[in-house]
Amino acid sequence: HYQCNALFTRFPCVRYEIVNYTLHRQNVYFIDSVFRFGTNEVHFVQSHLDWYRTTDGKRYALPQMRQLVKHCENMPYVIISADFNVPEIGHFDAFKKAGYVVANEGRYSVLDNVVVKGFDVKELFAADNERLLSDHRIVGCVLEMRQK
């Protein structure tokens, strides 16, 4: 009965935490998985937020985005990949104010996006899955870690 999140990686995960959103309409959560790159810990957060498209949607999706920002505020390296379920780039303002870079600034639908802290986005790409897997587009990016 929960929205599903999955992470497939060839890198060993140091630890992870599953966090339920405080305010939610659906059974949504995020997974904060930690990986070590050299001496740096990188938090890779995967989520699926509540739908914004409903009349009361912004009561849930936007506070969930703020909860993600709060959860990661003391982490220097963060990659958040999610079905954010928001229709406009302006809905990412909480991330931008906290120093994140939004990888997909609107070149593709912003529903599916990657936001990062401590990285520069070097390349953005998307693949049209022709709606075989879902109603979304696969979005990815090439990142370069900033030095502390």
Side-chain angles (χ1 to χ4, degrees), residues 2-9 11 13 16-26 28-38 40-131 133-148:
Y2 285 85
Q3 295 285 3
C4 292
N5 298 295
L7 176 62
F8 298 94
T9 177
F11 300 105
C13 181
Y16 71 92
E17 176 182 14
I18 298 173
V19 180
N20 291 311
Y21 285 106
T22 306
L23 184 63
H24 58 90
R25 181 173 182 211
Q26 300 170 281
V28 291
Y29 62 93
F30 62 90
I31 301 172
D32 176 2
S33 302
V34 181
F35 298 88
R36 190 173 307 283
F37 291 89
N40 299 309
E41 286 192 346
V42 176
H43 291 259
F44 186 91
V45 180
Q46 176 64 38
S47 189
H48 190 166
L49 281 66
D50 265 307
W51 295 315
Y52 185 93
R53 294 182 293 270
T54 61
T55 54
D56 62 349
K58 76 169 100 173
R59 285 183 31 213
Y60 300 102
L62 299 182
Q64 290 166 0
M65 292 169 106
R66 289 191 295 272
Q67 184 176 347
L68 284 170
V69 169
K70 178 73 176 158
H71 176 82
C72 300
E73 69 184 343
N74 295 319
M75 302 168 187
Y77 297 106
V78 181
I79 302 167
I80 302 174
S81 173
D83 175 354
F84 286 97
N85 269 324
V86 294
E88 299 172 20
I89 194 65
H91 294 131
F92 289 87
D93 285 349
F95 289 110
K96 291 179 180 180
K97 288 177 184 171
Y100 284 81
V101 173
V102 180
N104 179 13
E105 278 280 346
R107 190 165 135 201
Y108 307 106
S109 167
V110 295
L111 288 174
D112 306 300
N113 218 323
V114 179
V115 296
V116 297
K117 181 171 63 169
F119 295 89
D120 292 317
V121 178
K122 293 300 183 182
E123 182 182 340
L124 175 70
F125 55 89
D128 190 354
N129 64 13
E130 298 180 19
R131 301 184 185 265
L133 300 175
S134 77
D135 59 343
H136 294 272
R137 182 181 294 264
I138 299 166
V139 176
C141 56
V142 176
L143 303 174
E144 182 175 273
M145 183 182 279
R146 296 179 189 153
Q147 298 302 314
K148 290 184 191 178

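We number each residue from 1, following the sequence as shown.
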In this structure, OG1 of T22 is separated from CD of Q64 (nearest 0.5 Å) by 9.0 Å
Residue pair G140 / L124: nearest heavy atoms and the distance that separates them: O-CD1, 3.4 Å
Please check this pair: side chain of Y21 against backbone of M65, looking for a donor-acceptor N/O pair closer than 3.5 Å. no
When rounded to the nearest 0.5 angstrom, what is the spacing between CG in N40 and CZ in R146? 13.5 Å
Would you say D50 and N85 make side-chain contact, with heavy atoms under 4.5 Å? no
Ignoring hydrogens, what is the shortest heavy-atom contact between Q147 and Y77? Give both atom names and the distance. C-OH, 3.9 Å
State, with a plain yes or no, whether a side-chain heavy atom of C141 is found less than 4.5 Å away from one of F119. no
Suppose we call two aromatic rings close when their centres sit under 6.0 Å apart. Are F84 and F92 close by that rule? yes
Would a 4.5 Å heavy-atom cut-off, applied to side chains only, mark L7 and I31 as touching? no
Determine whether the side chains of D83 and H48 contain a donor N or O and an acceptor N or O closer than 3.5 Å. yes
Whether D112 side chain and V139 backbone form a donor-acceptor pair below 3.5 Å: no
Option among H43, H24, H71 that satisfies the ring-ring contact (aromatic ring centres under 6.0 Å, His included) test with F30: H71
So, the side chain of K96 versus the backbone of V102: is there a donor-acceptor pair under 3.5 Å, distance only? no
Do side-chain atoms of N104 reach the backbone of N113 as a donor and acceptor pair under 3.5 angstrom? no
Using every non-hydrogen atom in the two residues, find where A94 and R66 come nearest and quote the distance to one decimal. CB-CG, 4.0 Å
Would you indicate whether the side-chain heavy atoms of F44 and T9 approach each other to under 4.5 Å? no
Report yes if some heavy atom in the side chain of V19 is under 4.5 Å from a heavy atom in the side chain of D32; otherwise report no. no
Which atom names give the shortest non-hydrogen contact between A61 and L49, and what distance separates them? O-CD2, 3.6 Å
Any H91 side-chain heavy atom under 4.5 Å of V110 side chain: no
Could you state the interatomic distance from OH (Y60) to CD (Q26), rounded to the nearest 0.5 Å? 10.0 Å
Would you give the length of the straight line joining atom CD of E105 to atom CD1 of I89, rounded to the nearest 0.5 angstrom? 4.5 Å
Heavy-atom check, side chain of L143 versus side chain of V121, under 4.5 Å: yes
CD-NZ distance between Q67 and K70, expressed to the nearest 0.5 angstrom: 11.0 Å
Do side-chain atoms of E41 reach the backbone of V34 as a donor and acceptor pair under 3.5 angstrom? no
Any donor-acceptor N/O pair, S47 side chain to Y29 backbone, under 3.5 Å: yes
